[in-house]
S.K.: 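Starting off with a structure, shown below.
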Protein chains: 2
Amino acid sequence: MTSPGLPPPPFNLSDLIDRNRPRFRTATEFVEAAMREAILSGVLPGGLPLRQEELAAAFGVSRMPVREALRQLEARALVEFHPHRGAVVVEISAQDAADISAIRAALEPAALRLSLPHLTADDLALAADLIAEMDAEADPGRMGELNRRFHMTLYARAGRPRLLALTEQHLAAADRYLRFQFAALGHHPRSQDEHNALLAACRDGDTNRACTLVTRHILAAEELLTRFLTVRAAHSG
Amino acid sequence: MTSPGLPPPPFNLSDLIDRNRPRFRTATEFVEAAMREAILSGVLPGGLPLRQEELAAAFGVSRMPVREALRQLEARALVEFHPHRGAVVVEISAQDAADISAIRAALEPAALRLSLPHLTADDLALAADLIAEMDAEADPGRMGELNRRFHMTLYARAGRPRLLALTEQHLAAADRYLRFQFAALGHHPRSQDEHNALLAACRDGDTNRACTLVTRHILAAEELLTRFLTVRAAHSG
DNA sequence: CTTGGATAAATTGGATCCAATATCCACGCA
DNA sequence: TGCGTGGATATTGGATCCAATTTATCCAAG
């Protein structure tokens with residue numbers, strides 16, 4: 001697959017590739033989605049220089065779809081371009097984590113407030129299932145996915161496509177951090193309690209309470225994360 | 001400039017081009033910025049198909065930087081790609097306006113809350129100047145720019161780059177709509193009253209009141225806009 | 001031994017070329 | 001006359017090629 005003369009790249013995308021290739025209609029779409037996943041899930045760590053030729057070889061395409069994908073990821077603040085020096089995966093940092101949390105804390109209560117009155121019994125049942133699945137899940141990657149789906153299920157009826165897309169985007173961005181925390185500290189049981197309380201408030205139709213709970217949930221996660229990242233930075237720096 | 005055999009494109013970008021060209025280091029950056037401006041300011045109206053060849057000729061570059069720019073604009077929800085059929089400027093609609101307003105109403109109070117305690121006397125003076133400039137301004141385009149700068153001045157000390165970038169992006173997106181309203185209804189004096197009240201609350205350091213005022217300010221603009229767009233759609237549809 | 005500069009290698013940015021796909025229109029047939 | 005089929009045309013998607021810029025290397029001079 002990879003060109004014979006090149007040294008092996010410092011990442012492994014092989015499983016992402018073959019599995020998803022047929023789902024997309026253009027190579028650019030495919031590369032963009034795969035790289036987004038890879039960055040958010042930590043396969044491509046922050047600071048990694050992204051050589052176009054290398055990625056093209058890994059994906060089995062030419063440099064062009066890679067370049068277009070990188071431009072899209074730039075607009076999503078997942079990679080940075082340095083003119084004539086190439087693209088780099090954006091670094092994670094305590095400040096950036098706080099930044100993303102602030103955005104989540106602004107968007108998610110707004111989405112929930114719009115969505116909650118229109119939630120169906122099916123939605124609530126699905127949310128409950130997702131909590132249960134999270135209880136049983138050990139893999140950090142799957143865990144982030146389930147958490148994301150739980151939250152988005154509660155917001156889904158907001159009827160605001162842009163708001164929902166932004167919310168999902170920043171939930172995914174937060175995953176990049178939560179994954180660290182989860183790997184280091186293990187699953188935090190308080191988070192599940194918060195999920196249950198939130199779901200209960202939604203069942204009761206208590207919008208104000210539910211919004212307060214998501215806000216607290218997000219800020220609690222942020223505080224834990226900030227502390228974790230700060231000591232981590234102190235150790236390595 | 002334009003190739004001799006082609007029919008003239010249905011838009012005019014010439015003033016944007018020469019003026020800004022030297023500021024950018026790569027053609028892609030330049031094209032992206034110019035097209036973003038052109039879409040947000042209404043020069044490229046919603047629904048317009050964006051022919052790559054045509055744009056390339058207009059900008060005096062090849063199709064490739066145009067393609068990269070279009071991909072970035074896609075990620076910012078300013079254009080839509082239809083595989084093998086090309087890109088189109090996203091349509092405006094009452095729903096989309098409401099969507100953007102909901103996002104603004106979530107983000108801006110959050111940014112203001114973080115920023116307000118750190119606002120300096122200079123910041124407040126600048127904000128006051130911008131209100132005065134708006135009073136004297138007649139051009140809708142300049143008006144949107146001043147409005148944007150006024151708001152961003154108040155949020156600037158939030159110390160959250162991502163949050164601020166998102167906020168500015170959606171303020172700009174809202175301009176696309178406010179411009180319509182302004183052109184049709186003329187300048188709405190209540191908006192200036194709201195700006196003054198907001199600035200006063202900031203001067204007093206009354207965070208809660210200031211946040212309430214921005215929220216109301218955004219929702220008031222949204223209501224007016226929704227009504228305007230709805231009757232407009234009824235007339236033309 | 002360090003430092004400066006020239007030169008070579010690597011990599012990106014941009015242009016051109018080719019292939020794949022969609023649209024449009026004419027034509028034939030029911 | 002209406003509809004479906006088929007080919008021509010236009011336009012995008014992808015690959016390759018060339019130029020411009022940056023980074024690395026090496027040698028010489030202080």
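By convention in this document, chain letters (A, B, ...) are assigned in the order of the sequence lines, proteins followed by strands, and residues within each chain are numbered from 1. If you're wondering where the values come from, they're calculated on a predicted model, not measured in any experiment.
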S.K.: Not counting sequence neighbours, which residues clear ring pair (Phe, Tyr, Trp, His ring centres under 6.0 Å) with B:F150? List them please.
M.R.: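 Scan of B:F150 (ring pair (Phe, Tyr, Trp, His ring centres under 6.0 Å), adjacent residues dropped) gives B:H195.
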S.K.: Is there a side-chain contact between B:T28 and the phosphate of C:dG14, meaning an N or O under 4.0 Å from OP1 or OP2?
M.R.: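 Answer is yes, contact under 4.0 Å.
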S.K.: Minimum heavy-atom separation for B:L114 and B:A158, please, with both atom names.
M.R.: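 Distance-wise, the nearest heavy atoms are CB-CB, 3.9 Å.
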S.K.: In whole angstroms, how far is the C1' atom of D:dC18 from the CE atom of B:M64?
M.R.: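 Going from B:M64 (CE) to D:dC18 (C1'), I get 12 Å.
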S.K.: Can you check the B:E68 CD to C:dG14 C1' distance for me, whole Å?
M.R.: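 About 9 Å, once rounded to whole Å.
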S.K.: Between the side chains of A:R71 and A:E68, is the shortest nitrogen-to-carboxylate-oxygen separation below 4.0 Å, so that they form an ion pair?
M.R.: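 A:R71 and A:E68: not salt-bridged.
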S.K.: Over 60° means perpendicular and under 30° means parallel, so classify the ring planes of A:F30 and A:F24, tilted if in between.
M.R.: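 Geometry flag for A:F30 against A:F24: tilted rings.
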S.K.: Measure across B:D175 and B:E145 and return the closest heavy-atom pair with its distance rounded to 0.1 Å.
M.R.: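 Here B:D175 and B:E145 meet closest at OD2-N, 4.1 Å.
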S.K.: Using a cut-off of 4.0 Å on non-hydrogen atoms, how would the nucleic acid contact of A:R51 be classed: base, sugar-phosphate, or nothing?
M.R.: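 It contacts sugar-phosphate atoms only.
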S.K.: State, with a plain yes or no, whether a side-chain heavy atom of B:L70 is found less than 4.5 Å away from one of B:M35.
M.R.: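 Result yes, sub-4.5 Å side-chain heavy-atom pair found.
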S.K.: Would you mind reading off the distance between A:E53 atom CD and D:dA15 atom P, rounded to a whole angstrom?
M.R.: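 After rounding, the reported distance stands at 12 Å.
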S.K.: Side chain of B:R71: nearest nucleotide among D:dA15, C:dG13, D:dG13?
M.R.: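 The answer is D:dG13, which lies nearest to the side chain.
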S.K.: List in chain and number order the residues that pass salt bridge (Lys or Arg N to Asp or Glu O under 4.0 Å) with A:E32, two or more places apart in sequence or in another chain; answer none if no residue qualifies.
M.R.: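 Expected list: A:R36, A:R76.
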S.K.: What is the distance from CD of B:E32 to C1' of C:dG13, rounded to the nearest Å?
M.R.: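 Distance check: B:E32 CD to C:dG13 C1' gives 16 Å.
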S.K.: Taking the nucleotide of DNA chain D with the nearest heavy atom to each, does B:H82 or A:R63 sit closer to the 5' end?
M.R.: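 So the residue in question is B:H82.
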S.K.: How long is the line joining CZ of A:F81 and P of C:dT11, in whole Å?
M.R.: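 Those two atoms, CZ and P, are 16 Å apart.
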S.K.: Rounded to whole angstroms, how far apart are CG on A:L55 and C1' on D:dA15?
M.R.: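 Taking CG of A:L55 and C1' of D:dA15, I get 17 Å after rounding.
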S.K.: Figure out the CD/P separation between A:Q52 and D:dA15, and round it to whole Å.
M.R.: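 Distance, rounded to whole Å: 14 Å.
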S.K.: For nucleotides 22-24 of chain D, tabulate all protein N/O to nucleotide N/O atom pairs closer than 3.5 Å, reporting atom names and distance.
M.R.:
| residue | atom | partner | partner atom | Å |
| --- | --- | --- | --- | --- |
| D:dT23 | OP1 | A:R85 | NE | 3.3 |
| D:dT23 | OP1 | A:R85 | NH1 | 2.9 |

S.K.: Output the rounded distance in Å from CZ (A:R67) to C1' (D:dG13).
M.R.: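 So the CZ-C1' distance, A:R67 to D:dG13, works out to 14 Å.
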